[in-house]
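This structure is a prediction, so every number in the text was calculated from the model and none was measured.
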Amino acid sequence: MGHLTGDKVLTEIAARLKSEIRSEDTLARLGGDEFTIIMQDINHGEEASFLAEKITKVASQPVDIDEQSLYVTTSIGISLYPDDGDNSEDLLMYADNAMYKAKEEGRNNYQFYSSEMTTLALSKVIMESSMRNALEKEEFRIYYQPQINGLTNQVIGMEALVRWEHPTIGLISPDKFIPLAEETGLIVEIDKWVMKTAMKQVSQWYEQGLYPGILALNLTMKLLERKDFSDIIKSLLEETQINTKWLEFEVTESQIMKNPENAISKLLEIGKMDINIAIDDFGTGYSSLSHLKQLPIDKLKLDRSFISDIPDDEDDMSITIAIISLAKNLNINVLAEGVETQEQKDFLIENGCIDIQGYLYSKPIPTDEMQKYLLRQNNTSSYV
């Protein structure tokens, strides 16, 4: 169709590529119909595969030139530093070799220079697709882990934890799919589903005269950072009709410290809704006292890494005592998670941490088992 039409196609494809890359990435046309993208500061090779997926998708859309719809395919090769090479010439050559491997595979796909990386990337793509189907087919399940007053052994609350009940693989633990859900953004939809389902369930337990205490829900930064975050929460509160005094949102300390000013602003919005706020995994995120003072928090959750070696590790015991003392001085509640032995419980109570979560009392259990657990408590008083 001539050079002019070809140039128009290349210009359109270049514009599409530019729209998909980050500001810190570099896009160049090497010649002919070949482009190169340099991605900086990526932590996992899968991040390159996600970009490759987006490029394949956006390039497959018709290119309208002079009232004609033209279609192109892409063959993408990927090389990684420093795994595949430590200089630009080798990396470019290896990406080129991988591109030709993609052409041999039938075009319109991507390949890594390392065949192992290609296999891993494909498994990630399959997992992402399965997760999307899982949301539609309601394959996710909520497990609850009781939080207990160590003096009375009564339930004071519970943490909602998501599990994936795959129809063929079986129960999949969150550490297998949550990282990918965060990378792809699916974590926002999963979060919303967990919140809605758990809120409805806790409201129902209260209506039945049971006493589930405070429902602790994990908040990811991807949800917290959304501009419509407050609207999402208000909509869920209205839909589930849950009393906000029965709610607690947990945010990890490390997440907060990535952007403390923004986190403080968002947490203040939660506080205005009369919802409790807890800092999870406290002691691992290196927050400063100045930030801690600004945060509108109601509870610190002692990270399990400090609890696991009590009473054998003097350093962990000293850190635990210091955090409990800090919380008391700031008039903040403190809860220890990961408590598995009577010795750990006794040490915590002796040093002023009464609230306990861990296998000593219960592992995370499904909804029906949690209901039986509450019935065994034989406590029908209302929480105000």
Exercise for review: Start with the C-alpha distance between Tyr211 and Leu374, add both sets of side-chain angles, then the distance that settles side-chain contact (heavy atoms from CB on, under 4.5 Å), and finish with yes or no.
Suggested key: CA-CA 7 Å; Tyr211 177 68; Leu374 293 172; 6.0 Å; no
Distance from [X] atom [atom1] to [Y] atom [atom2], nearest 0.5 Å?
X	Y	atom1	atom2	result
Ile319	Ile324	CD1	CD1	12.0 Å
Ser49	Ile42	OG	CD1	9.0 Å
Ser88	Ile38	OG	CD1	8.0 Å
Leu268	Met273	CG	CE	11.0 Å
Leu348	Glu343	CG	CD	11.5 Å
Thr240	Lys200	OG1	NZ	8.0 Å

Any ion pair linking [Y] and [X] (charged N to carboxylate O, less than 4.0 Å)?
X	Y	result
Glu128	Arg132	yes
Glu53	Lys57	no
Glu139	Lys137	no
Lys266	Glu225	no
Glu182	Lys222	no
Glu248	Lys299	yes
Asp25	Arg22	yes

For the side chain of [X] and the backbone of [Y], is there at least one donor-acceptor N/O pair under 3.5 Å apart?
X	Y	result
Asp7	Leu4	no
Arg107	Ser75	no
Ser325	Ile321	no
Glu138	Leu135	no
Gln344	Glu340	yes

Do [X] and [Y] have a side chain donor and acceptor closer than 3.5 Å?
X	Y	answer
Ser69	Asp64	yes
Gln145	Gln357	yes
Asn153	Tyr361	yes

ask   = Any idea which heavy atoms bring Ala160 and Leu217 closest together, and the distance?
value =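 Looking at all heavy atoms of both residues, the shortest contact is CB-CD2, 3.8 Å.
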Going by atom type alone, with no hydrogens or angles, which donor-acceptor pairs under 3.5 Å involve a side-chain atom of residues 349-356 and a protein atom two or more places apart or on another chain?
| residue | atom | partner | partner atom | Å |
| --- | --- | --- | --- | --- |
| Asn351 | ND2 | Phe347 | O | 2.8 |

Evaluate the side-chain proximity of [Y] to [X]: yes if any heavy-atom separation is below 4.5 Å, no if none is.
X	Y	answer
Ile270	Leu224	yes
Gln371	Leu210	yes
Phe112	Ser79	no

(request) Walk me through it: do Ile275 and Lys245 pass the test side-chain contact (heavy atoms from CB on, under 4.5 Å)? (result) CA-CA 6 Å; Ile275 297 172; Lys245 293 181 184 292; over 6 Å; no
- Task: Start with the C-alpha gap between Thr220 and Asp191, add the side-chain angles, then the distance that decides, and say whether side chain to side chain donor-acceptor pair (under 3.5 Å) holds.
- Result: CA-CA 8 Å; Thr220 60; Asp191 262 4; 2.8 Å; yes
task: Evaluate whether atom CG of Asn331 has more than 12 neighbouring non-hydrogen atoms of other residues, nucleotides or ligands under 6.0 angstrom away.
output: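 Incorrect, the count does not exceed 12.
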Heavy-atom count around Gln342 CD within 6.0 Å, excluding the residue itself: above 12?
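Enclosed: over 12 neighbouring heavy atoms sit under 6.0 Å from CD of Gln342.
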Using the side-chain contact (heavy atoms from CB on, under 4.5 Å) rule, take Ile232 and Met195 through it: C-alpha gap first, then chi angles, then the decisive distance, then the call.
CA-CA 10 Å; Ile232 290 173; Met195 294 170 108; 5.9 Å; no
query: What pairs of residues pass the ring pair (Phe, Tyr, Trp, His ring centres under 6.0 Å) test when at least one of them lies in residues 154-193, not counting sequence neighbours?
result: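 Every pair satisfying ring pair (Phe, Tyr, Trp, His ring centres under 6.0 Å) with a residue in residues 154-193: Phe140-Trp164, Phe140-Phe177, Trp164-His166, Trp164-Phe177.
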